[in-house]
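I have placed the structure first, in the form of structure tokens, so that the comments after it can refer back to it.
Proteins get letters first, then strands, A, B, ... in listed order; numbering begins at 1 in each. FYI, side chains are in, hydrogens and waters are out, and symmetry mates aren't considered; it's all heavy atoms of this structure.
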There are 2 protein chains.
Amino acid sequence: MRIAILGYGVVGSAVAKALIENDKIIRARCGENIIPVIALARKNKKNALIPITTNIDEILQRDDIDVFVELMGGIEIPFQIVSQILKKKKPVVSANKAMLAYYRYELENLAKNLAFGYEASVGGGIPIIKILKEGLSANNILSIKGILNGTSNYILSAMNTKGIQFYDALKTAQELGYAEADPSFDIEGQDAAHKLLILASIAYGLRAKPEDILIEGISDITSEDMYFAKEFDFTIKLLGIAKTKNSKVELRVHPTMINKDKMIAKVDGVMNAVSITGDLLGENLYYGAGAGGMTTASAVISDLIDIARNEFKGPMLGFRNDFQFELLNKDEIFTKYYLRLKVEDKVGVLSKIAQLMSENGISIDSFLQKPKQDEIHSTLFFTTHSTFEKDIKNLLLILEKQDFIKGKPFMMRIEE
Amino acid sequence: MRIAILGYGVVGSAVAKALIENDKIIRARCGENIIPVIALARKNKKNALIPITTNIDEILQRDDIDVFVELMGGIEIPFQIVSQILKKKKPVVSANKAMLAYYRYELENLAKNLAFGYEASVGGGIPIIKILKEGLSANNILSIKGILNGTSNYILSAMNTKGIQFYDALKTAQELGYAEADPSFDIEGQDAAHKLLILASIAYGLRAKPEDILIEGISDITSEDMYFAKEFDFTIKLLGIAKTKNSKVELRVHPTMINKDKMIAKVDGVMNAVSITGDLLGENLYYGAGAGGMTTASAVISDLIDIARNEFKGPMLGFRNDFQFELLNKDEIFTKYYLRLKVEDKVGVLSKIAQLMSENGISIDSFLQKPKQDEIHSTLFFTTHSTFEKDIKNLLLILEKQDFIKGKPFMMRIEE
Ligand SMILES: NC(=O)c1ccc[n+]([C@@H]2O[C@H](COP(=O)([O-])OP(=O)(O)OC[C@H]3O[C@@H](n4cnc5c(N)ncnc54)[C@H](OP(=O)(O)O)[C@@H]3O)[C@@H](O)[C@H]2O)c1
Ligand SMILES: NC(=O)c1ccc[n+]([C@@H]2O[C@H](COP(=O)([O-])OP(=O)(O)OC[C@H]3O[C@@H](n4cnc5c(N)ncnc54)[C@H](OP(=O)(O)O)[C@@H]3O)[C@@H](O)[C@H]2O)c1
């Protein structure tokens with residue numbers, strides 16, 4: 001089986017290397033050699049393991065390529081190139097979660113029963129696409145909760161274990177190569193949202209795009225939140241959450257307070273993990289490295305081996321018959337909340353806050369006041385009983401307007 | 001697709017129930033209805049969801065069955081029945097790890113390119129067979145470490161968290177339905193060994209049988225071992241371990257001291273987990289319930305869905321080309337060890353033990369003496385640097401003969 005690698009960067013070069021180095025096990029697994037014959041890049045490379053071209057047409061015109069592997073990144077350009085390839089009835093493998101977050105249904109339509117592998121798009125080397133599409137196929141999926149971005153998990157773990165602030169943890173992550181120079185995509189939840197959308201299509205046939213769902217990042221989390229979490233036996237994780245509620249699904253990406261005894265709370269550093277609860281199997285959790293050249297190559301090549309084995313049939317997102325949940329309106333999210341408020345330390349403040357909560361139908365589950373930091377300000381922490389997102393949002397607007405509240409009230413959702 | 005269920009016990013009845021209750025998602029996944037038409041049992045059942053027969057021939061003679069699901073248990077009888085079915089060129093799904101531990105290569109030969117699904121035989125609802133055979137197919141598997149038996153994990157967790165002795169923990173497990181009336185199969189490591197052998201065939205093409213490998217159970221573990229583990233930041237787990245060493249594989253099932261910060265050390269209660277390290281992906285860990293009717297049905301039905309999708313091709317154990325590791329001789333196992341010795345508390349004992357160790361080429365890594373329990377006896381704990389199994393076994397024989405040693409010296413392997 002002859003393949004072309006479109007994009008010879010971190011992942012593309014690792015795929016070429018792994019195909020060459022692991023050729024014996026790969027041949028044993030699929031009965032064939034998988035040979036990378038050419039790669040695309042913008043600039044030519046010295047010492048590349050396979051011939052490189054900077055001209056995409058040179059690759060697309062060849063008729064000796066059996067499978068095309070898209071590892072360029074971007075959205076529109078790879079979508080156009082992949083569409084062209086599918087129209088020529090050639091199978092595609094891609095690691096491009098951004099493209100899939102926007103164009104997965106268009107791609108499924110184009111691919112029809114052609115193989116389209118995208119195992120590498122979510123969870124790095126964890127075969128989470130296959131697990132969800134095939135391994136758990138007998139289940140109604142009740143929920144998916146994932147640590148889908150290693151950079152943010154590294155930062156939150158470092159804040160938690162070393163007691164440092166967000167920007168210091170980010171700096172360390174950058175120095176260690178765990179965060180990009182521009183980290184916003186990772187820390188603001190976009191990357192995790194792309195992956196969550198892909199998983200939600202496989203579990204629920206959900207057609208949402210990134211704009212449609214609730215996405216919040218971790219940059220507003222402080223060491224005070226970490227302090228509260230420790231006191232109340234929580235761990236803070238950036239989670240991608242999908243959950244069914246009647247015939248709808250809620251999708252959201254945000255920092256989350258979770259009970260520290262949950263398996264997913266124990267996942268530290270740059271690692272990823274996905275917890276899936278099915279109606280038959282209960283909770284399963286899948287854990288591993290979420291990024292890195294060789295890790296991602298492991299997933300890309302598993303798709304290629306499935307194609308060589310001829311075990312890879314459409315439809316790409318896994319449903320043979322019509323099956324489609326709808327997205328729950330954000331306002332209807334119903335969960336517990338954590339609030340951190342900086343207040344003037346004077347008589348009557350606490351009772352005023354309690355009154356505003358009660359007026360908005362929100363009841364307090366726990367309360368903590370942190371020892372005073374300066375002459376006039378205290379930090380108050382609350383957790384609420386389950387309540388609707390719209391009520392909390394409303395409360396936050398009202399609190400912001402009170403003169404005894406300093407700065408912006410901070411809210412985080414709690415998952416049990 | 002019409003199926004017959006051979007065995008209508010815990011798993012068989014759950015498969016029938018789940019196929020009926022989850023028919024919508026199953027049809028969406030594979031584009032077909034999967035219909036259980038008849039089941040086999042020894043005694044007839046009242047209120048069964050599908051017709052039951054006690055006559056196997058009545059089922060085997062029918063020509064309207066597309067797939068046969070073996071959920072009887074046992075070894076020889078199901079092997080004979082399944083062989084008959086495969087000779088009639090009908091696909092089979094089975095959850096029977098004992099049969100597979102002995103006859104998987106014979107079954108693979110009979111099945112050739114017929115579908116033979118056995119996802120439910122290891123790890124309950126965790127799709128570990130598919131993960132290893134397909135998801136991680138690009139990797140050379142460096143090691144597999146699994147908590148493969150929920151009963152023993154429940155007992156060890158209870159001993160650890162409640163500070164109780166083995167037999168009390170076992171009694172609780174029996175009361176809760178986590179352990180059989182005769183628990184020996186679970187607590188002596190046989191069940192875990194069957195599962196490890198199946199995984200080792202998929203990872204390494206290893207043809208070993210249960211008799212060939214090192215199997216030790218957990219019934220000799222005491223609260224003193226738990227005490228030592230806590231002091232030295234270990235957790236004790238019954239692990240199935242497969243590890244490559246040059247071109248050989250070591251396979252062993254035994255209670256193991258593992259660093260308490262490892263993900264697999266954090267798996268408590270009746271849960272199962274498998275940690276797999278591949279050369280490309282590093283360590284992945286898969287966690288979930290390892291038994292129970294519905295959990296196991298999840299795996300059985302995922303195989304049926306794969307068959308309906310026509311995505312399930314042979315060979316059953318995953319290798320298209322010849323690929324076969326050999327079993328490492330038990331004596332050549334090379335690891336760290338933990339020793340617990342009850343000794344007479346008199347001058348010179350420690351130096352004598354140290355001398356015997358040194359004479360056997362074993363060097364001490366750490367040492368702990370527990371405060372004296374009675375007038376004359378103390379318990380000594382040692383851990384060693386890495387050493388050969390044959391040297392430790394020899395040391396134990398020598399120690400046993402020393403008059404200052406009371407009772408049988410106890411040894412446990414350490415995994416880092
Ligand atoms: N890195 C990971 O750990 C990881 C994990 C999972 C998924 N992914 C996904 O895998 C894909 C590749 O990631 P990566 O980290 O390997 O990226 P990368 O290191 O930036 O590599 C991208 C490669 O594509 C080439 N390329 C980009 N745009 C091109 C264009 N318009 N024409 C021709 N060549 C072009 C680049 O050429 P030059 O070399 O000349 O710049 C480079 O060789 C992305 O979709 C990413 O989201 C990555
Ligand atoms: N239970 C679990 O959680 C679990 C998990 C993974 C794998 N498994 C495997 O799944 C298989 C079934 O387990 P199970 O727990 O469901 O066992 P079970 O409850 O004992 O059920 C066995 C069924 O097979 C029938 N049967 C046994 N021998 C028979 C024979 N010679 N002729 C006709 N019928 C026969 C029994 O009939 P009667 O009802 O008349 O006695 C019963 O219906 C075993 O291989 C087990 O290792 C079980």
Side-chain angles (χ1 to χ4, degrees), chain A residues 14 18-19 21-22 24-32 119 124-127 130-131 133-140 205 263 266-267 271 273 278-289 292 294-295 297-302 304-306 309-313 318-323, chain B residues 14 18-19 21-22 24-32 119 124-127 130-131 133-140 205 263 266-267 271 273 278-289 292 294-295 297-302 304-306 309-313 318-323:
Chain A
L19 282 172
E21 284 181 358
N22 281 15
K24 183 162 173 257
I25 180 80
I26 292 167
R27 197 167 47 243
R29 290 284 181 207
C30 66
E32 289 196 50
E119 186 59 74
I126 310 167
K130 183 181 283 285
I131 288 168
K133 193 157 73 165
E134 305 174 16
L136 311 190
S137 56
N139 290 263
N140 290 300
M263 276 300 278
K266 302 174 187 173
V267 173
M271 303 307 278
D279 61 346
L280 304 179
L281 60 69
E283 188 197 359
N284 268 11
L285 179 126
Y286 310 100
Y287 162 93
M294 280 300 179
T295 311
S298 168
V300 168
I301 299 174
S302 77
L304 292 170
I305 292 174
D306 276 0
R309 276 169 167 166
N310 198 19
E311 275 188 4
F312 203 141
K313 305 250 166 66
F319 289 109
R320 294 282 194 284
N321 286 5
D322 205 42
F323 189 88
Chain B
L19 282 172
E21 285 182 358
N22 281 14
K24 186 165 171 254
I25 180 80
I26 291 168
R27 197 165 51 243
R29 290 283 181 205
C30 66
E32 287 195 51
E119 186 59 74
I126 310 168
K130 184 182 282 285
I131 288 167
K133 193 157 72 164
E134 304 173 16
L136 310 192
S137 56
N139 290 263
N140 290 302
M263 276 300 279
K266 302 174 187 175
V267 173
M271 303 306 279
D279 61 347
L280 303 179
L281 60 68
E283 188 196 359
N284 268 11
L285 180 126
Y286 310 99
Y287 163 93
M294 280 299 178
T295 311
S298 168
V300 168
I301 299 174
S302 77
L304 292 170
I305 291 174
D306 276 359
R309 276 171 167 163
N310 196 21
E311 276 187 3
F312 204 139
K313 307 251 166 65
F319 290 108
R320 294 281 193 285
N321 286 4
D322 205 42
F323 189 88

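- Between G135(A) and S302(B), the shortest heavy-atom contact is O-CB, 3.4 Å.
- In terms of the side chain to side chain contact (heavy atoms under 4.5 Å, CB included) criterion, residue partners of M271(A) (sequence neighbours excluded) are, by chain and number, V267(A), Y287(A), A289(A).
- Contact count versus chain A (heavy atoms, under 4.5 Å) is highest, among S298(B), G31(B), G288(B), G125(B), for S298(B).
- Residues G205(A) and F319(A) share a closest heavy-atom pair of N-CE1, 3.5 Å.
- In terms of non-hydrogen atom pairs under 4.5 Å with chain A, the most contact-rich of N284(B), T295(B), I301(B) is N284(B).
- Each of L281(B), L304(B), L19(B), V300(B) has some count of heavy-atom pairs under 4.5 Å with chain A, and the biggest count is that of L281(B).
- E119(A) does not touch chain B: none of its heavy atoms, backbone or side chain, sits under 4.5 Å away.
- Distance CD/E283(B) to CE/M263(B): 8.5 Å, rounded to 0.5 Å.
- Comparing M294(B), R29(B), R27(B), K133(B) by how many heavy-atom pairs each has under 4.5 Å with chain A, the most go to R29(B).
- Here E311(A) contributes atom CD and S137(B) contributes atom OG; the two are 9.5 Å apart, rounded to the nearest 0.5 Å.
- Contacts with chain A were tallied for I131(B), I26(B), D322(B), L280(B); L280(B) has the most, counting heavy-atom pairs under 4.5 Å.
- Per-residue heavy-atom pair counts under 4.5 Å with chain B were compared for C30(A), A14(A), A18(A), and the maximum is reached by C30(A).
- Take N140(A) and apply the side chain to side chain contact (heavy atoms under 4.5 Å, CB included) test, not counting sequence neighbours, and it matches D279(A), N22(B), I25(B).
- Under the 3.5 Å distance criterion, the side-chain polar atoms of K266(A) are matched with a main-chain donor or acceptor of K266(B).
- Of the atoms belonging to D306(A), it is side-chain heavy atoms, and not backbone ones, that fall under 4.5 Å from chain B.
- In this structure, chain B has heavy atoms under 4.5 Å from both the backbone and the side chain of L285(A).
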